[in-house]
Amino acid sequence: MLETLRLYAAEKLAAESETAMIAERHARYFTALFDGAYEAWETTPDAEWLALYRPEIDNVRAALDWALADAERSEIAVALAGSAALLWDKLSLFSEGRRYVDRAAKFIDLPQPSLIAARLLKQAGGLWHPPIGRTLWLCSNGR
C-alpha cells in the first residue's frame, strides 16, 4: 500500500511541476537534520543516536542521489555526504558510504575548502582504512 501511495504522490507532484521543488526541500531538510546528528554524535549514547537516525537511511540515499545528479546542487551534496557519513560508518556500510563520499568530493573546490568540505574530507578518512591515505588522495588527485 505504501508504494502505491508514493507513486500516486510522485505522479501528482509531476503533474503540478513541483517535483524539483519538493526534492530540494527534502534534501535541505535532511542536510539540516544530519548536521544536527553530526553535532550530537559525541554527546548522545550510541544506541539512542542510531535509534534516531538509522530509520532515515533511505531518505538520505534519496537526497544524496538527487543532490549528486547535478553539479549545481554541489553544496547540498557535499554538506549532506559529510554529515551523513557518520551514519554509514556506524552502520558498517563502509562501501556505500565511500561511494557517496567519493562522488561528493569531486565537487570540492580546493585548495581552500569550506567548513562543509573539510567535514566531508574528515569523514572520508573514517570510511577508508587506512584513513589518512585515502583522504590525501581525495585532496590531491581524486577529483
Tightest non-hydrogen contact, residues Ala63 and Ala27, listed as CB-CA, 3.7 Å
Has Arg25 got more than 12 heavy atoms of other residues, nucleotides or ligands less than 6.0 Å from its CZ?
no
Show the nearest heavy-atom pair for residues Ala124 and Val101, with the distance to one decimal.
CB-CG1, 3.4 Å
Determine whether Ile76 and Tyr29 fall in the same hydrophobic cluster, where Ile, Leu, Val, Met, Phe, Trp and Tyr are linked whenever their side-chain heavy atoms lie under 4.5 Å apart.
no
For Ala79 and Asp35, the nearest pair of non-hydrogen atoms, with its separation, is O-OD1, 4.3 Å
Expected output: side-chain Ser83 to main-chain Leu80 donor-acceptor under 3.5 Å
no
According to salt bridge (charged side-chain N to carboxylate O under 4.0 Å, His left out), who are the partners of Asp46, at least two apart in sequence or on a separate chain?
none
Measuring from atom CZ of Arg54 to atom CG of Leu87, what distance do you get when rounded to the nearest 0.5 angstrom?
8.5 Å
Can you check side-chain contact (heavy atoms from CB on, under 4.5 Å) on Ile57 and Leu93, steps first, answer last?
CA-CA 11 Å; Ile57 194 165; Leu93 297 171; 3.4 Å; yes
With sequence neighbours left out, the residues meeting salt bridge (charged side-chain N to carboxylate O under 4.0 Å, His left out) with Arg28 are Glu24
Pairwise side-chain contact, Gln123 with Trp88, heavy-atom cut-off 4.5 Å (strictly under):
no
Polar side chain donor-acceptor pair, Tyr100 to Asp65, under 3.5 angstrom
yes
Check Leu68 against Ala77 and note the closest heavy-atom contact, atom names and distance.
CD2-CB, 3.6 Å
A side-chain contact here means heavy atoms from C-beta on lying under 4.5 Å apart; do Val60 and Leu64 qualify?
yes
Hey, mind stepping through Arg119 and Glu39 against salt bridge (Lys or Arg N to Asp or Glu O under 4.0 Å) and telling me if it holds?
CA-CA 11 Å; Arg119 178 181 288 175; Glu39 297 300 325; 2.8 Å; yes
Say you draw a straight line from CG of Leu120 to OG of Ser114; how long is it, rounded to the nearest 0.5 Å?
9.5 Å
I need the minimum non-hydrogen distance between Ala117 and Val78, along with the two atoms involved.
CA-CG1, 3.8 Å
Is Thr43 reaching over with its side chain to a backbone N or O of Ala40, donor-acceptor style, under 3.5 angstrom?
yes
Tell me, please, which residues at least two apart from Tyr53 pass ring-ring contact (aromatic ring centres under 6.0 Å, His included).
Phe34, Trp49
Arg73 to Trp66, cation-pi by 6.0 Å centre distance and 45° axis angle
yes
